[in-house]
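Computed from heavy atoms alone, side chains included, the values below leave out hydrogens, waters and symmetry copies. Treat the numbers as computed from the prediction; the structure is a model and nothing was measured.
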Amino acid sequence: MNITKEQIDELNAVVKVAISKDDYQDKVEKILNDYRKQANIPGFRKGQVPMGLIKKQYGKAVLVDEVNKLLQDNLNKYLTEEKLDVLGNPLPKQQDNFDWDSENLDFEFELGLAPSFDVQVKTKKAVTQYKIVADKKMIEEQVERIQKQYGKLVSKDEVGKTDELTGTFKNESEEIEHKTTIELDKIKSKKAIDALTGKKVGDSVELKTKGLFKEDYFLSSALGIDREKAEKLNAEVSFTIEEINERQPATLDQELFDKLFGKDAVKSEKELRDRIKEDSEKQFEQQSDQKLLNDITEKLIDDTKFDLPSEFLQKWIQVSGENPLSDDEAKEEFEKSEKGLRYQLIEGKIIQENNLQVQMDELKEFAKGFIKSQMAQYGHLDPQEEELENIAMRVMGNQDEVKRLSEQLMSQKLLTFYKEHANLKVKEVTYDNFVKEAYS
């Protein structure tokens with residue numbers, strides 16, 4: 001067997017593979033002999049079928065199969081040994097009237113080669129790194145939510161403008177009859193608030209559904225209907241009051257602090273606000289980090305210029321899926337995936353040049369941290385190390401999970417690398433301004 005490469009240009013090459021009869025004959029003969037021993041053909045005893053008949057019936061299929069195996073194994077070996085960085089897979093060139101009966105078989109494969117380029121992580125123009133801060137307004141709102149959540153309900157005789165009402169919504173034509181609890185401070189319609197204020201248990205009030213609540217999604221929950229129906233609904237519903245309660249806010253005392261954070265972890269209102277600020281900003285960090293990673297990715301794609309073997313890649317896309325694509329479909333698919341391919345190449349180069357590898361021991365520790373955070377969501381705050389180890393080992397036995405966790409850990413490594421080496425400018429913003437500015 002002889003394999004040679006013809007360089008077409010920097011991004012395209014053709015590999016020629018010459019296979020002689022000696023390369024495959026012994027293997028083909030052995031398989032045909034095995035077929036002969038097992039063949040059951042009418043008129044012949046088992047194992048006594050003439051070899052000529054076996055070759056006539058199976059010879060071509062066995063030859064093609066063995067030659068294809070030879071091609072695949074040796075072509076992959078050649079690409080590895082020659083350190084050819086290819087995109088997609090080698091594409092066999094169409095050869096009309098190919099003669100499988102020839103003593104020597106010649107094949108050609110098109111290659112799309114990865115481009116050569118440099119990556120400058122420290123870009124000329126700085127990328128904004130958002131630091132989301134919890135401002136005084138946000139902290140106070142959170143304190144109020146805590147006081148409300150842990151406060152107590154006091155029964156009342158008539159409705160005030162900040163009370164909670166339990167009652168039943170009805171509309172026969174829309175088949176609505178649903179008991180629920182609503183808070184008056186969630187209602188948007190001034191007419192509805194005025195209509196409810198001063199009412200007593202047993203009173204019924206007619207309310208318009210359109211614009212009833214400050215947030216539209218409250219309507220589907222209140223009426224017990226799906227969101228799609230609620231969005232289209234423009235009707236009047238009756239609301240019959242069954243309970244009136246005032247939620248009196250909890251006192252900011254040590255009993256509440258211990259309930260929230262554990263014994264003596266927080267000892268004053270100031271410490272409470274400091275803790276809320278710290279916890280909120282930790283939660284925001286994940287969003288700002290994801291934004292930073294996305295922005296650096298976009299910046300690197302824009303700034304790192306290189307050509308791709310576009311024509312080859314479109315051909316490869318055309319034949320590599322479950323169903324062949326037309327020329328136009330393959331072109332459209334390439335255009336949709338080109339940006340992602342460019343970043344894969346850029347990311348791969350950064351990982352390789354900076355040795356950002358994922359080791360199995362650190363992957364297991366990462367998995368344990370992920371498992372621990374999942375368990376905490378279900379109230380299991382202090383799992384034993386042995387328990388974490390056992391679960392992690394089961395997770396590591398699932399290749400799909402290993403792949404998913406490896407990608408997450410590599411994203412973390414890249415983010416850390418970018419924070420250390422990219423050209424960043426830190427900008428402090430409130431969460432509301434972050435949302436407006438980052439996702440406008």
Side-chain angles (χ1 to χ4, degrees), residues 135-261 266-273 275-276 280 379 432:
D135 60 1
K136 187 175 179 180
K137 178 174 175 285
M138 173 179 281
I139 294 167
E140 290 307 317
E141 286 174 351
Q142 182 65 14
V143 170
E144 287 176 12
R145 276 196 292 271
I146 290 170
Q147 287 184 280
K148 191 171 183 180
Q149 181 181 347
Y150 289 90
K152 63 180 180 179
L153 289 176
V154 178
S155 180
K156 291 182 63 178
D157 293 328
E158 72 177 40
V159 179
K161 291 191 176 182
T162 59
D163 292 337
E164 292 183 12
L165 309 181
T166 298
T168 301
F169 280 106
K170 285 185 180 180
N171 180 306
E172 287 187 14
S173 63
E174 297 291 346
E175 298 182 341
I176 293 170
E177 183 171 351
H178 185 66
K179 183 174 180 176
T180 188
T181 298
I182 59 174
E183 300 171 44
L184 260 68
D185 60 6
K186 297 289 194 298
I187 292 179
K188 178 181 179 183
S189 168
K190 186 176 183 304
K191 282 185 178 180
I193 294 171
D194 290 342
L196 288 164
T197 303
K199 293 295 186 290
K200 298 180 179 181
V201 171
D203 289 344
S204 290
V205 178
E206 295 295 318
L207 303 172
K208 289 186 176 180
T209 59
K210 192 75 171 175
L212 180 58
F213 291 101
K214 292 177 181 177
E215 301 292 342
D216 291 339
Y217 64 85
F218 285 144
L219 187 64
S220 62
S221 171
L223 301 184
I225 58 178
D226 63 56
R227 189 172 293 188
E228 186 178 351
K229 180 177 178 180
E231 287 173 356
K232 296 175 181 176
L233 188 65
N234 185 8
E236 280 199 351
V237 290
S238 67
F239 181 70
T240 303
I241 301 170
E242 297 167 26
E243 288 182 36
I244 305 168
N245 292 300
E246 178 186 8
R247 188 174 289 275
Q248 294 182 348
T251 304
L252 297 176
D253 57 16
Q254 194 61 48
E255 182 182 353
L256 178 61
F257 302 154
D258 291 348
K259 192 181 291 185
L260 291 169
F261 303 108
V266 169
K267 296 182 179 180
S268 67
E269 289 187 32
K270 181 182 183 305
E271 287 184 18
L272 170 67
R273 287 173 170 80
R275 180 65 177 265
I276 290 172
S280 297
D432 287 343

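- In this structure, the separation between CZ on Phe261 and CD1 on Ile276 is 6.0 Å, given to the nearest 0.5 Å.
- Lys148 places none of its side-chain heavy atoms less than 4.5 Å from the side chain of Pro249.
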Could you walk me through whether Lys170 and Glu177 pass side-chain contact (heavy atoms from CB on, under 4.5 Å), step by step? CA-CA 4 Å; Lys170 285 185 180 180; Glu177 183 171 351; 3.5 Å; yes
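- Identified under the ring pair (Phe, Tyr, Trp, His ring centres under 6.0 Å) test for residues 176-207, with sequence neighbours left out: none.
- Looking at Gln142, Gln147, Gln149 one by one, the single match for side-chain hydrogen bond (donor to acceptor under 3.5 Å, both in side chains) with Arg145 turns out to be Gln142.
- Judged purely by atom type and a 3.5 angstrom limit, Gln254 uses its side chain to pair as donor or acceptor with the backbone of Val266.
- Salt bridge annotation for Glu271-Arg275: absent, with no cationic side-chain nitrogen under 4.0 angstrom from a carboxylate oxygen.
- Around atom CG of Asp194, more than 12 heavy atoms belonging to other residues, nucleotides or ligands sit under 6.0 Å away.
- Atom-to-atom distance recorded for Ile182:CD1 and Leu219:CG is 10.5 Å, nearest 0.5 angstrom.
- Counting only residues at least two apart or in different chains, salt bridge (Lys or Arg N to Asp or Glu O under 4.0 Å) contacts with residues 241-256 comprise Glu164-Arg247, Lys179-Glu242.
- Under the side-chain contact (heavy atoms from CB on, under 4.5 Å) rule, Ile244 has a single partner from Thr166, Asp203, Val159, Leu196, which is Val159.
- Annotation: the span from Thr181 atom OG1 to Leu165 atom CG amounts to 8.5 Å, rounded to 0.5 Å.
- Using a 4.5 Å heavy-atom threshold, the side chains of Phe257 and Lys267 count as separate.
- The neighbour count for Asp258 CG, taken as heavy atoms of other residues, nucleotides or ligands under 6.0 Å away, is above 12.
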In sequence, state the C-alpha distance, the side-chain angles, and the governing distance for Glu228 and Lys232, and then conclude on salt bridge (Lys or Arg N to Asp or Glu O under 4.0 Å). CA-CA 7 Å; Glu228 186 178 351; Lys232 296 175 181 176; 3.6 Å; yes
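- Note that the CD1 atom of Ile187 and the CD atom of Glu183 stand 10.0 Å from one another [nearest 0.5 Å].
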Worked check of salt bridge (Lys or Arg N to Asp or Glu O under 4.0 Å) between Glu215 and Lys188: CA-CA 8 Å; Glu215 301 292 342; Lys188 178 181 179 183; over 6 Å; no
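- Looking at Lys229, its side chain does come within 3.5 Å of a backbone N or O of Glu174 through a donor-acceptor pair.
- For the pair Glu231 and Arg227, the salt-bridge criterion is not met [side-chain N within less than 4.0 Å of a carboxylate O].
- Taking the six-membered ring where the residue is Trp, Phe213 and Phe218 present perpendicular rings, their angle passing 60° and hence far from 30°.
- Contact check for Asn171 versus Thr209: no side-chain heavy atoms found under the 4.5 Å cut-off.
- Separation of atoms OG (Ser268) and CZ (Arg273) is listed at 9.5 Å; rounding is to 0.5 Å.
- Under a cut-off of 6.0 angstrom, the local environment of NZ in Lys199 is crowded, with over 12 non-hydrogen atoms contributed by other residues, nucleotides or ligands.
- The two residues Leu212 and Ala192 make their nearest non-hydrogen contact at CD1-CB, 3.7 Å.
- Pairing each heavy atom of Ser204 with each of Thr240, the nearest pair is OG-OG1, 2.7 Å.
- Residues Leu256 and Leu272 are not in side-chain contact: their nearest non-hydrogen atoms beyond the backbone lie 4.5 Å or more apart.
- Heavy-atom neighbours of Lys210 NZ from other residues, nucleotides or ligands within 6.0 Å: at or below the threshold of 12.
- With rounding to the nearest 0.5 angstrom, the CG atom of Leu223 is 6.0 Å from the CZ atom of Phe169.
- Taking 4.5 Å as the limit, some side-chain heavy atom of Lys200 sits within range of a side-chain heavy atom of Glu158.
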